[in-house]
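I have placed the structure first, in the form of C-alpha cells, so that the comments after it can refer back to it.
Positions are given from 1 along the sequence.
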Amino acid sequence: MKWVYDDGGRSKYFKGTTDDCVARAIAIATGKDYKEVYDLINKYSKEELATLDEVYKSNARTGVSKELSYKILQDLGYKWIAKMKFGQGCKTHLKAGELPSKGTFIVSLSKHLTCVKDGVIHDIYDPSRNGTRCVYGYFEKIND
C-alpha cells in the first residue's frame, strides 16, 4: 500500500514529535484544521472519567483512549466497521486488497490510528510494517 507523508496540519502549530495520531488522523480524514481537532479532543477529555485500569486521562498531545476516540468519531458521524473479533486472530492487514480502495477511512491499528484515502496511507510514517500490520477495524463517514 502506498504511503504519503501527511501531518494533518500539525506543523502549522507545533514542532517536534508527540503521540497525536488521533488528532492527525481525524484532521486528515475530515479536512478540519488540526488545532480545531486538537482542541475538540481536549474538550472531550475533560469530560472523560478515568477508569481503574487507566493511569492517565486522554489528551490530544499524549494519547487518547480507544473509548474516547470511538466516541468522538461517532459524534462526528463515523461508523465503526470491525475487521477482527476477540480470539479470532488477524484477518485484515494494512495492505492493498484488504481494505476498500475507494473512500476515506480512519484505520485502527495496535496503539495507533491512521488515515487511508483512496488506498493511500496518509501519516507521518508508514505504519503498515510492509503489509503485515493487523487492522482491528476502521471508521467510515456515514452518508448524510
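A search for salt bridge (Lys or Arg N to Asp or Glu O under 4.0 Å) contacts involving Asp118 returns nothing, not counting sequence neighbours. Tyr44 meets the side-chain hydrogen bond (donor to acceptor under 3.5 Å, both in side chains) test with Asp75; sequence neighbours excluded.
Within 6.0 Å of the NZ atom in Lys117, the count of heavy atoms belonging to other residues, nucleotides or ligands exceeds 12.
A parallel orientation is assigned to the rings of Tyr34 and Tyr13, their planes being inclined by less than 30° (bins at 30° and 60°). The aromatic rings of Tyr38 and Phe14 sit tilted relative to each other, their planes meeting at an angle between 30° and 60°. Classification of the His112-Tyr125 ring pair by plane angle, with boundaries at 30° and 60°, yields tilted.
Considering every non-hydrogen atom in both Val37 and Ala23, the closest pair reads CG1-O, 3.6 Å. Smallest separation of non-hydrogen atoms from Gly8 and Ala27: O-CB, 3.7 Å. Closest heavy-atom contact between Gly137 and Trp80: CA-CH2, 3.3 Å.
Under the 3.5 Å distance criterion, the side-chain polar atoms of Thr18 are left unmatched by any main-chain donor or acceptor of Asp20.
Remark: Asp123 engages Arg24 in a salt bridge, criterion side-chain N to carboxylate O under 4.0 Å. Contact check on Asp39 versus Lys35 returns a salt bridge, with a Lys/Arg side-chain nitrogen under 4.0 Å from an Asp/Glu carboxylate oxygen. Residues Asp19 and Arg61 are not paired through a salt bridge, judged by the lack of any N-O separation under 4.0 Å between the basic side chain and the carboxylate.
Using modelled atom types, one finds a donor on one side chain and an acceptor on the other under 3.5 Å when comparing Asp126 with Ser128.
Note on residues 88-126: pairs passing disulfide (SG to SG under 2.5 Å), not counting sequence neighbours, are Cys90-Cys134.
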